[in-house]
Enquirer: 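One structure is given below, represented as structure tokens, and several questions about it will come after.
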Amino acid sequence: MARNNFENIERKWQARWEKEGWYPAEDFAKGKKKFYALVEFPYPSGSGLHIGHAFSMTGADVYARKKRMEGYNVLFPMGWDSFGLPTENYAIKTGIHPAKVTARNTAIFRRQMKRLAFSFDWRREIDTADPDYYHWTQWIFLQLFKHGLAHKEKMPINWCPSCKTGLANEEVIDGHCERCGTPVERRELDQWVVSITRYADRLLAGLETTDFVAKVKAAQINWIGKSMGAKIKFQIANLGDSLEVFTTRPDTLWGATFMVIAPEHPLVGEIRSKAKLPAAKIQEIEAYVNQARRKSELERTELEKEKTGVFSGLYALNPATGKQIPIWISDFVLASYGTGAIMAVPAHDERDHAFAKKYSLPIVPVIQPKQKWDFDKAAYTDVEHGRMVNSGPLNGLAPNVAIKKAIAWLEKKGIGKKAVSYHLRDWIFSRQHYWGEPIPMVYCRHCAQKGITWWETPEGKKFLQKNSGQPGIWNLEPGTSRRGLAGWFPIAEDKLPLKLPDVERYQPTDNGESPLAAVKSWTEAKCPVCGRPARRETDTMPNWAGSDWYFLAYLLAGKLGKPHDKNIFAENKDILRYWLPVDVYIGGDEHNTLHLLYSRFIYQFLGDIGAVPKEHPEPYHRRVSHGVILAPDGRRMSKSRGNVVIPDRVADKYGVDALRTYLMFMGPFTATMAWNENALRGVERFLQRFEKFVMGQAGGKKKLLENKEMKAALNELIKKVGGDIDNFAFNTAIAAMMKFLNLAIEKNWRLGRAELEALVKLLAPFAPYLSEELWHRRLGEEKSVHWAPWPKADAKYLGTQKRMIAVQVNGKLRATLELTAEEAKDQEKVVALAKKDPRVAKYLATGQLKKTIFVPGKIANFVVK
RNA sequence: GCCGCGGUGGUGGAAUUGGCAGACACGCAGCUCUCAAAAAGCUGUCUUCUUUUCGAAGGUGUGGGUUCGACUCCCACCCGCGGCACCA
């Protein structure tokens, strides 16, 4: 297409696609197989569509378009992940309501996406900040609460002392506040917490049924971080209490010479009251604990940091040796992992070893390594080699065998049991921001004091009757505190959505509460149980809340705002049954852990409570993660560096088809690649030659002499392009088309109508405008090329191309023979021809032929000695 | 430290189950067209050697190995990228 021409063509076809309603996906389309192609929906930022969006969405679009042409009923939807901090910050700065900003931005995104010809089903567009949408985000939260998976807890959060606000982990960059650069402190705030850890095993097991790439599976497995071991109880000598630890190495119990508890461990609080310690000692402990609390997460996890600690004054009894061992307090032990306490075995654990050296604690080896080992210098951590010593019943065993034996021994003695621990933490669900979904809960102080939980109210009892009879289908673990549950009541489901109120100021309040806390009309509520004045929750939900079920929202789009029964998430479950699971989910690496895990969790949970059908245990069948486009200088694009490539500007200059085709040609879909405008011009040239070639073909009426060579090449091309698109190998698909075109021009091939159609169709997913133009202008078709059937390779012509057979002598290439496909398979013929070739004969004459290797159609190799 | 991915011309990158390394494109050089330039087209382009041709030798991070044959498989190592990281 001539450069000045593409604009008209783009305008023309876009108008027609718009008129025809783009690419609707019908529920239950008859006689077609469904295909659900999903690409991550964007946060509609003020800067418009980024080249990274254009890249991943073009890849997804090419794939979806090909599937559609193959006759699938393709669902390829798009929407907006609208809640988020940038919009809120913009509102703080300008005073413009975030909803207004969002509407403005999504209009820009929508226009840009339509221009780039992404074949979305726009009827199913969703927006997480739309009350009809967050109605159900809130509903899901209520189900989590009612089923005992959400509660309020004091949790350490990241606190910026300068901005006076809590920060999400994503807002903390290297331990500093993203906005002002102040070092972040840890602070405890009451937070809603969702018990995702109770799904840890299910989330792990579910992975096996999915077709995620190894990298993604590994990331999820790592994040869940399951480790097997044992919990062991230690009696505390001068207190009638016991201390439980988690360990993966119960075999080394006999070598435990001290214990360490986290500064946040409950036992620390009891030291002052229960242990009879001198005042000076108590002061020392308190000083250490306070100092640890003030330390930022950064300082606490500093790699090279020397370990610090303080002796608690308490002693525990090692249940295996019966010896008294000191209990220390140190911040290298994390309160949030295991039991917040460890048994320290300095001879066989590096961290314990470092601590023992610093505070001169005894190091007692219980594994005899094969080689000489200086236990004063280093811990011996190998579990494969060595023999247990000084360990009673375990003596003589290899450590990995001793682990199992030790657990059995502990269970028999009643001092410990097999246990599992996870790296995965519960999900902190509260944010102290305005621009998010309000958490639909009310707190009644009066009821809280009386210890009334929602399950004890008439409504709650009715809920329990309907369900399993206990608070929580997945019951609270025995002993779990009810703190954080008493006095908290959900608002009635038929009152949803609980809409965000308009506020005057969007910034957080001085004490770190959400801006909603400053709105009296918001906070003042009536207790649904006792009718006394109560306080509405002022926190909002994290960004993940809206995005973790959006793939379901597309299926219900249009119905979200008006279900007949406002309490039922999906009234017509057959729609979900039909479309799920998502067949291919395309997104960025940055969402391979959190987003993917959260949404898998929510989906499993919704299945468990019967809100979505249970046929498919996992929401996503295949996950493809796309690569990243760097600036021409090879660095990440950023506004401050001024190296940002804007898709709209590229499209202005070269046209959408050239942009799309170049994006797909740059390299593998998963790769990190630098933008190169010159290479784009190469693609532009290809499209121009393609147009010229197709327009210049006689085509149509006149009967052509059959050109077997051309047909063979074209059918190979059809097979290659189709297969490559299926494998997301767009770059080689385009390369193959370029090669065919070069050959066709060079050999001056004339294509018949059928061949010409096929060629245009192959290009259609990549260059939708040009192909549509040629389809109508050159081939005179009425209907769109994008609904035309995908060409099928004719088996008759496959494998009929001339072959180059490589002839080797002792594995070294000496000659090549050009043969027909038939000849190339004929061993006798090839060997005879090869032997005759002077370049080969020369080497055969130098020795004796020992062996001849022949691979049909590929190679002949003579072994000569 | 652990987990995952990768290392191929001047550049981005190709290479079914081990079977012609460098497809396709960029860049560069020369040429055609032109008063000239742009655009377009043609030719060449892994390195070295041979005046050229014919050809020969080397070559996919390094060192070994398996094989008739290795970018591909195995062992050891080096480097880069991404994620996690005091996880008991």
Enquirer: Just to be sure I understand the rule, does Ser227(A) reach a base, reach only the sugar-phosphate, or reach nothing, if contact means heavy atoms closer than 4.0 Å?
Expert: sugar-phosphate

Enquirer: Could you check whether Arg681(A) makes a cation-pi contact with Tyr654(A), meaning its NZ or CZ is under 6.0 Å from the centre of the six-membered ring and within 45° of the ring axis?
Expert: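 No, Arg681(A) does not lie over the aromatic ring of Tyr654(A).
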
Enquirer: Determine: side-chain N/O of Asn742(A) to OP1/OP2 of rA25(B), distance under 4.0 Å, yes or no.
Expert: yes

Enquirer: I'd like to check Phe234(A) versus Pro319(A) (side-chain heavy atoms, cut-off strictly below 4.5 Å). Are they in contact?
Expert: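 Touching, per the 4.5 Å side-chain cut-off.
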
Enquirer: With both distances under 3.5 angstrom, what nucleotide forms a Watson-Crick or G-U wobble pair with rC5(B)?
Expert: rG80(B)

Enquirer: Taking the side chain of Ala735(A) as heavy atoms from C-beta outward, which of rA39(B), rC20(B), rC24(B) is closest to it?
Expert: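 In terms of side-chain proximity for Ala735(A), the closest of rA39(B), rC20(B), rC24(B) is rC24(B).
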
Enquirer: Using the C1' atom in both, what is the distance from rA70(B) to rG63(B), to the nearest Å?
Expert: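 Rounded to whole Å, the distance is 16 Å.
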
Enquirer: Within the 4.0 Å heavy-atom criterion, would you say Phe665(A) contacts the bases, only the backbone, or no part of the nucleic acid?
Expert: base

Enquirer: Quick check: on RNA chain B, is the nucleotide nearest Thr247(A) upstream (toward 5') of the one nearest Ile805(A), or the reverse? Name the residue that is more 5'.
Expert: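 Nearest nucleotide further toward 5': that of Ile805(A).
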
Enquirer: Tell me which nucleotide, if any, is Watson-Crick or G-U wobble paired with rC49(B) when both distances must be under 3.5 Å.
Expert: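 The base-pairing partner of rC49(B), which may sit in any strand shown, is rG55(B).
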
Enquirer: Let me spell it out: for each of Ile734(A) and Gln808(A), pick the nucleotide of RNA chain B with the closest heavy atom. Which residue's pick is nearer the 5' end?
Expert: Gln808(A)

Enquirer: Nearest to the side chain of Arg839(A), which nucleotide is it out of rA23(B), rA88(B), rG55(B)?
Expert: rG55(B)

Enquirer: Considering just the side-chain nitrogens and oxygens of Arg814(A), establish if one lies under 4.0 Å of OP1 or OP2 belonging to rC20(B).
Expert: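 So the side chain of Arg814(A) is outside the cut-off, no N or O lying under 4.0 Å from OP1 or OP2 of rC20(B).
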
Enquirer: Base, sugar-phosphate or nothing for Gly682(A)? Non-hydrogen atoms, less than 4.0 Å.
Expert: sugar-phosphate

Enquirer: Which nucleotide wins on minimum distance to the side chain of Lys851(A), given the candidates rU17(B), rC86(B), rC68(B)?
Expert: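 Nearest listed nucleotide: rC68(B).
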
Enquirer: Can you figure out which of rG4(B), rG58(B), rC68(B) approaches the side chain of Ile853(A) most closely?
Expert: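 Per side-chain heavy atoms of Ile853(A), the pick is rC68(B).
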
Enquirer: Could you state the atom-to-atom distance from CD1 of Ile859(A) to C1' of rG18(B) in whole Å?
Expert: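 Whole-Å distance recorded here is 10 Å.
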
Enquirer: Which nucleotide wins on minimum distance to the side chain of Pro668(A), given the candidates rG4(B), rG41(B), rG13(B)?
Expert: rG13(B)

Enquirer: Just checking, any donor-acceptor pair under 3.5 angstrom between side chains of Arg660(A) and Thr58(A)?
Expert: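 Absent: no donor and acceptor within the cut-off.
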
Enquirer: Between rA39(B) and Arg685(A), is there an OP1 or OP2 to side-chain N/O distance shorter than 4.0 Å?
Expert: no

Enquirer: Under a 3.5 Å cut-off for both distances, is rG30(B) Watson-Crick or wobble paired, and to whom?
Expert: rC42(B)

Enquirer: Roughly how far apart, to the nearest Å, are rG22(B) and rA15(B) at atom C1'?
Expert: 9 Å

Enquirer: Is the Phe665(A)-Phe766(A) ring centre distance short of 6.0 angstrom?
Expert: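 No, ring centres 6.0 Å or more apart.
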
Enquirer: Using a 4.0 Å heavy-atom cut-off across all strands, classify Thr248(A) as base, sugar-phosphate, or nothing.
Expert: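 It contacts sugar-phosphate atoms only.
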
Enquirer: Please report the distance, rounded to the nearest Å, between CZ in Arg681(A) and C1' in rA25(B).
Expert: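 Going from Arg681(A) (CZ) to rA25(B) (C1'), I get 13 Å.
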
Enquirer: Could you check whether Ser336(A) gets within reach of a base, just the sugar-phosphate, or nothing at all, counting any heavy atom under 4.0 Å?
Expert: nothing

Enquirer: Can you find a side-chain donor-acceptor pair between Asn727(A) and Asp724(A) that sits under 3.5 Å?
Expert: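 There is no such pair (donor and acceptor under 3.5 Å, judged by atom type) between the side chains of Asn727(A) and Asp724(A).
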
Enquirer: Return the pairing partner of rG69(B) with a 3.5 Å limit on both distances, Watson-Crick or G-U wobble; otherwise return none.
Expert: none

Enquirer: Asn731(A) side chain: which of rC26(B), rG13(B), rC84(B) is closest?
Expert: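 Nucleotide nearest to Asn731(A)'s side chain: rG13(B).
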
Enquirer: I need the CG-C1' distance between Asn861(A) and rG18(B), as an integer number of Å.
Expert: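 The distance from CG of Asn861(A) to C1' of rG18(B) comes to 13 Å, rounded to the nearest Å.
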
Enquirer: Between rG27(B), rA23(B), rA25(B), spot the one nearest the side chain of Asn678(A), thanks.
Expert: rG27(B)

Enquirer: Mind checking Asn592(A) for me? I need base, sugar-phosphate or nothing, with any heavy atom below 4.0 Å counting as a touch.
Expert: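 The residue Asn592(A) makes no contact with any strand.
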
Enquirer: Which whole-number value in Å describes the distance from Phe686(A) CZ to rG12(B) P?
Expert: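 To the nearest whole Å, that distance equals 23 Å.
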
Enquirer: Which part of the nucleic acid, if any, lies within reach of Phe730(A) when heavy atoms closer than 4.0 Å are counted: base, sugar-phosphate only, or nothing?
Expert: nothing

Enquirer: Taking Arg198(A) first and then Asp426(A), would you say they form a salt bridge - that is, a charged N and a carboxylate O separated by under 4.0 Å?
Expert: no

Enquirer: Check every strand shown and say whether Lys739(A) touches a base, only sugar-phosphate, or nothing at a heavy-atom separation below 4.0 Å.
Expert: sugar-phosphate

Enquirer: In the structure shown, which nucleotide is the Watson-Crick or G-U wobble counterpart of rA25(B), with both distances under 3.5 Å?
Expert: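 rU11(B) is the nucleotide pairing with rA25(B).
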
Enquirer: Look at the side-chain N and O atoms of Thr672(A) and state whether any lies under 4.0 Å from the OP1 or OP2 oxygen of rC81(B).
Expert: no

Enquirer: Could you measure between the two P atoms, the one in rC35(B) and the one in rU48(B), and give it in whole Å?
Expert: 39 Å

Enquirer: Once you round it to whole Å, what is the distance between C1' of rU16(B) and CD of Glu716(A)?
Expert: 12 Å

Enquirer: Please evaluate residues Phe55(A) and Phe669(A) with respect to the criterion ring pair (Phe, Tyr, Trp, His ring centres under 6.0 Å), reporting the C-alpha separation (whole Å), side-chain torsions for both, the decisive distance (0.1 Å), and the verdict.
Expert: CA-CA 9 Å; Phe55(A) 174 64; Phe669(A) 191 57; 5.2 Å; yes

Enquirer: Does Lys812(A) have a side-chain nitrogen or oxygen under 4.0 Å from the phosphate oxygens OP1 or OP2 of rG19(B)?
Expert: no

Enquirer: Taking the six-membered ring for Trp, are Trp749(A) and Phe693(A) ring centroids under 6.0 Å apart?
Expert: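 Ring-ring flag for Trp749(A)/Phe693(A): false, centres at least 6.0 Å apart.
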
Enquirer: Check the distance between rA14(B)'s C1' and Met673(A)'s CE and give it to me in whole angstrom.
Expert: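 Rounded to whole Å, this separation is 15 Å.
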
Enquirer: Say you pick atom C1' in rU34(B) and the same atom in rU45(B); how far apart are they, in whole Å?
Expert: 26 Å

Enquirer: Between rA25(B), rG19(B), rA21(B), which nucleotide has the shortest distance from any of its atoms to the side chain of Leu813(A)?
Expert: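 Output: rA21(B).
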
Enquirer: What's the gap between rA88(B) and rC77(B) when it is taken at their P atoms, as a whole Å value?
Expert: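 That atom pair is separated by 25 Å.
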
Enquirer: For His348(A) and Phe375(A), take the angle between the two ring planes, folded into 0 to 90°, and tell me which bin it lands in: parallel under 30, tilted 30 to 60, perpendicular over 60.
Expert: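 Taking Phe375(A) first and then His348(A), their aromatic rings stand perpendicular (interplane angle over 60°).
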
Enquirer: Can you measure His591(A) atom NE2 to rG82(B) atom P for me and round it to whole angstrom units?
Expert: 17 Å

Enquirer: Identify whether any heavy atom of Lys850(A) sits under 4.0 Å from a base atom; if not, whether one sits that close to sugar-phosphate; answer base, sugar-phosphate or nothing.
Expert: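 Nothing: the residue Lys850(A), judged by heavy atoms under 4.0 Å, touches no strand.
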
Enquirer: So what does Ala679(A) hit on the nucleic acid, given a heavy-atom distance under 4.0 Å: a base, only sugar-phosphate, or nothing?
Expert: sugar-phosphate

Enquirer: Work out how far the P atom of rG18(B) is from that of rU72(B), and round it to whole angstrom.
Expert: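 rG18(B) and rU72(B) have their P atoms separated by 12 Å.
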
Enquirer: Tell me if rG63(B) is syn or anti. Syn = glycosidic torsion within 90° of 0, anti otherwise.
Expert: anti

Enquirer: Please tell me if Tyr422(A) has a side-chain N or O lying less than 4.0 Å from either OP1 or OP2 of rA88(B).
Expert: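 No.
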
Enquirer: Quote, to the nearest angstrom, the P distance that separates rA38(B) from rC31(B).
Expert: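 To the nearest whole Å, 13 Å.
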
Enquirer: So Asn810(A), base contact, sugar-phosphate only, or nothing? Heavy-atom distance under 4.0 Å.
Expert: sugar-phosphate

Enquirer: What nucleotide, of rC20(B), rC68(B), rC3(B), holds the atom closest to the side chain of Thr816(A)?
Expert: rC20(B)

Enquirer: Using the P atom in both, what is the distance from rA57(B) to rA21(B), to the nearest Å?
Expert: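 It works out to 13 Å between them.
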
Enquirer: According to the interplanar angle, ranging from 0 to 90°, do the rings of Phe355(A) and Phe332(A) count as parallel (below 30°), tilted (30 to 60°) or perpendicular (above 60°)?
Expert: tilted

Enquirer: Which nucleotide wins on minimum distance to the side chain of Asn222(A), given the candidates rA39(B), rA25(B), rC3(B)?
Expert: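 Between rA39(B), rA25(B), rC3(B), the one nearest the side chain of Asn222(A) would be rC3(B).
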
